[in-house]
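Note sheet for the following structure.
Note that these values count all heavy atoms, side chains included, but never hydrogens, waters or copies made by symmetry.
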Protein chains: 2
Amino acid sequence: MAETRHYYQAEMLKALAHPTRLQILELLKDGELCVCKIVPELQMEQSNISRHLNILKKEGLVTSRKEGLRVYYRITDPRINDLLEASSELLKNFWERKQKTLV
Amino acid sequence: MAETRHYYQAEMLKALAHPTRLQILELLKDGELCVCKIVPELQMEQSNISRHLNILKKEGLVTSRKEGLRVYYRITDPRINDLLEASSELLKNFWERKQKTLV
DNA sequence: TTACTATATATAAAACTATGCATATAATAA
DNA sequence: TTATTATATGCATAGTTTTATATATAGTAA
């Protein structure tokens, strides 16, 4: 795939564009959490969550630090939260518009 | 797939998360364009571009109007541009950080 | 009517992504 | 040393997305 600016931008957005990863980012909104706190919040195999965390990490959306057996993940930049908040707002508006059209 | 808020948010982000669709949205940034103006800008089959436009439309990111043989597409909400702008800014920062780490 | 143009859709193949299960690794404790 | 815990990875399968080619539809003009 041609490595243009749009390619990398799409890769980053793709990392955001998964329900499980959105849930993870929402859990991390107010600060770091260890994987052991994330797993029980999501109805999903631990191995899967580990993979999703890795996808977020590879795109630079989260970082991690190890402390003993535990690994703590955090969001790298608060503007990621803003971006998610903004997309959530947009979605809400699209829904309202759809409702109106259907009535 | 469970139809949660995160599911729909992910669907919207997925619609954004493709290099060709990002290019299309950038072309539409300053106002509507007919498909006949979009196609020659992108190195891709017309049928493909039509599909990408449909994906954006289904997610409510663009709307279209027909005028004779031509179909004009436009971005539905200027905040979509802001969102893309913000994600582009983030990406730039990730890159700068990566560069520093490598040096 | 036929011919032409712009856009959309059907189908199939290829490429990619997500998942579960099993297993590996790393850190700690006994 | 062995056992235990937390997290990551290998592999196979299932599911999804993208693509090219061909074809269909809708609007216009002659």
Walking DNA chain C from its 5' end, the first of A/A17 and A/G68 to be reached, judged by nearest nucleotide, is A/A17
Counting only side-chain nitrogens and oxygens, does B/N48 get under 4.0 Å of the OP1 or OP2 atom of D/dA20? yes
Nearest whole angstrom, please: distance from the P of C/dT17 to the NZ of A/K14. 4 Å
With the side chain defined as heavy atoms from C-beta on, A/E45 is closest, among D/dA8, D/dT21, C/dC21, to C/dC21
DNA chain C nearest-nucleotide lookup for B/R51 and B/K37: closer to the 5′ end is B/K37
Within this structure, what is the NZ-to-P distance between A/K66 and C/dT28, rounded to whole angstrom? 9 Å
Calculate the interatomic distance between B/L69 atom CG and D/dA30 atom P; express it in whole Å. 13 Å
At less than 4.0 Å, is any side-chain N or O atom of A/R21 found next to OP1 or OP2 of C/dA18? Yes or no. yes
Below 4.5 Å, heavy atoms only, C-beta onward: do B/K57 and B/Y73 meet side chain to side chain? yes
Report which part of the nucleic acid A/T20 touches: base, sugar-phosphate, or nothing (heavy-atom distance under 4.0 Å, all strands). nothing
Does the side chain of B/I80 reach to within under 4.5 Å of the side chain of B/V62, using non-hydrogen atoms? no
How close or far is atom P of C/dA8 from atom CZ of B/R65, stated in whole angstroms? 14 Å
Interatomic distance where CD belongs to A/E67 and P belongs to C/dA26 [whole Å]: 19 Å
In whole angstrom, give the distance that lies between atom NZ of A/K57 and atom C1' of D/dT9. 14 Å
Compare side-chain N and O positions of A/Y73 against OP1 and OP2 of D/dA6 and report whether any pair is under 4.0 Å apart. no
Touch check for B/I55, heavy atoms < 4.0 angstrom, all strands: base, sugar-phosphate only, or nothing? sugar-phosphate
For the residue pair A/R5 and B/S88, establish whether any side-chain heavy-atom pair is separated by less than 4.5 Å. yes
Taking only N and O in the side chain of B/H52, is any of them less than 4.0 Å away from OP1 or OP2 of D/dT17? no
Would you please confirm or rule out a distance under 4.0 Å between OP1 or OP2 of C/dC16 and any side-chain N or O of B/H18? no
Using a strict threshold of under 4.0 Å (side-chain N to carboxylate O), is an ion pair present between B/E26 and B/K29? no
Do A/Y8 and B/F94 have side chains that get closer than 4.5 Å, going by heavy atoms? no
Euclidean distance, atom CD of residue A/Q46 to atom P of C/dT19 [Å, nearest integer]: 14 Å
Rounded to whole Å, CD of B/E59 lies from C1' of D/dT17 at a distance of 14 Å
For a quick check of understanding: with a heavy-atom distance under 4.0 Å over all strands, which category does A/Y72 fall into, base, sugar-phosphate or nothing? nothing
Using a distance-only criterion (donor-acceptor N/O pair, under 3.5 Å, no hydrogens), is the base of D/dT21 paired with the side chain of B/S47? yes
